[in-house]
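What follows is a single structure, written as structure tokens, with notes after it.
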2 protein chains.
Amino acid sequence: MNHQQTVWKALADPTRRAIIRTLKAGSKTAGDIADEFPMTRASLSHHFNVLKAADLVRTERRGQHIVYSLNTSVLDDVAAIMMDLLAPNDHDKE
Amino acid sequence: MNHQQTVWKALADPTRRAIIRTLKAGSKTAGDIADEFPMTRASLSHHFNVLKAADLVRTERRGQHIVYSLNTSVLDDVAAIMMDLLAPNDHDKE
DNA sequence: CAGATATTTAGACAAATATCTAAATGAATG
DNA sequence: CATTCATTTAGATATTTGTCTAAATATCTG
């Protein structure tokens, strides 16, 4: 699966979009994120993996915690790709 | 499923995104669209249904043909929703 | 090191999805 | 009106996906 498709799939799940939204407030540990969602930590961990595979989040271990943050540069690229799909066709190069 | 989620799911499939892209060039009949894709018309019809359920395309019967067009106003709304998710958190109202 | 805490991985399972073939519907036309 | 053309619907099937429980891994601390 190419990167673009991986990203679209990652964003198709409401839980994962909510994770992104909560991370916009700032980096959080896996546990802090998990506390906001009504599912097991194992399920959340699966969603983290999907988001990581899409390169939408980054991780950093801090002691026994793992801190998740948004990968803002990739998020910007994604925004551009989505706009390219959805915006009217009035680019210069055409 | 709420409308937003329906839209995200609709866009998560590469064939459906390609249908949207081809319709950006202008309205086309189901058959003309089908000619551009290496799958059966039945499969394409399924994708059309998903796009219609998400209100991303509109249809109009013309004789024995059915013409598909983009629902541009909804597309604009979708773009805004996606930007809201992906853009940095610097809105006025916060 | 033994235990506690934080997180991930493995494996199972039900539900959703994309595709196909075959049949049905709808409209034009000789 | 019987046939043909365009498209959709129905039903089957294989794959993917989201969730869970149980077990594994990693780190800290007494």
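In what follows, chains carry the letters A, B, and so on, assigned in the order in which the sequence lines appear, proteins first and then strands, with residues in each chain numbered from 1.
Tyr68(B) comes within 4.0 angstrom of the backbone, heavy atoms only, and of no base.
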If you apply the rule side chain to side chain contact (heavy atoms under 4.5 Å, CB included), what do you find for Leu11(A) with Leu11(B), and how did you get there? CA-CA 10 Å; Leu11(A) 294 177; Leu11(B) 294 177; over 6 Å; no
Could you walk me through whether Arg41(B) and Asp35(B) pass the salt bridge (charged side-chain N to carboxylate O under 4.0 Å, His left out) check? CA-CA 9 Å; Arg41(B) 273 134 208 272; Asp35(B) 288 342; 2.8 Å; yes
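Between the CD1 atom of Ile66(A) and the P atom of dC28(D) there is a distance of 12 Å, rounded to whole Å. In this structure, Phe48(A) places its CZ atom 12 Å from C1' of dA6(C), rounding to the nearest Å. One can place CG of Leu44(A) at 15 Å from P of dA6(C), the figure rounded to the nearest angstrom. The distance between atom CD of Gln64(B) and atom P of dA6(D), rounded to the nearest whole Å, is 6 Å. What separates NE2 of His65(B) from C1' of dA28(C) is a distance of 10 Å, to the nearest Å. With rounding to whole Å, Asp35(A) atom CG is found 15 Å from dT5(C) atom P. The distance from atom CD1 of Ile33(B) to atom C1' of dT7(D) is 12 Å, rounded to the nearest whole Å. As rounded to whole Å, 14 Å separates atom P of dT17(C) from atom CG of Leu51(B).
For the OP1/OP2 pair of dA6(D) and a distance below 4.0 Å, the side-chain nitrogens and oxygens of Thr29(B) include no atom meeting the criterion. For the OP1/OP2 pair of dT8(C) and a distance below 4.0 Å, the side-chain nitrogens and oxygens of Asn49(A) include no atom meeting the criterion.
The two residues Gln4(A) and Asn2(A) come nearest to each other via the heavy atoms N-OD1, 3.1 Å.
Side-chain heavy atoms closer than 4.5 Å link hydrophobic residues (I, L, V, M, F, W, Y) into clusters, and following such links, even through other members, never connects Val50(B) to Leu85(A).
In this structure, CZ in Arg58(B) is found 7.0 Å from OG in Ser73(B), a value given to the nearest 0.5 Å.
In this structure, the side chains of Phe48(B) and Ile33(B) come closer than 4.5 Å at one or more pairs of heavy atoms.
Side-chain contact, Arg17(A) with Gln5(B): a donor N or O sits under 3.5 Å from an acceptor N or O.
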Write down the protein N/O and nucleotide N/O pairs, taken from nucleotides 18-23 of chain C, whose separation is under 3.5 Å; answer none if there are no such pairs.
| unit_1 | atom_1 | unit_2 | atom_2 | d |
| --- | --- | --- | --- | --- |
| dA18(C) | OP1 | Asp13(B) | OD1 | 3.3 |
| dA18(C) | OP1 | Arg16(B) | NH2 | 3.2 |
| dA18(C) | OP2 | Arg16(B) | NH1 | 3.2 |
| dT19(C) | OP2 | His47(B) | NE2 | 2.3 |
| dC20(C) | OP2 | Thr40(B) | N | 3.0 |
| dC20(C) | OP2 | Thr40(B) | OG1 | 3.1 |
| dC20(C) | OP2 | Ser43(B) | OG | 2.7 |

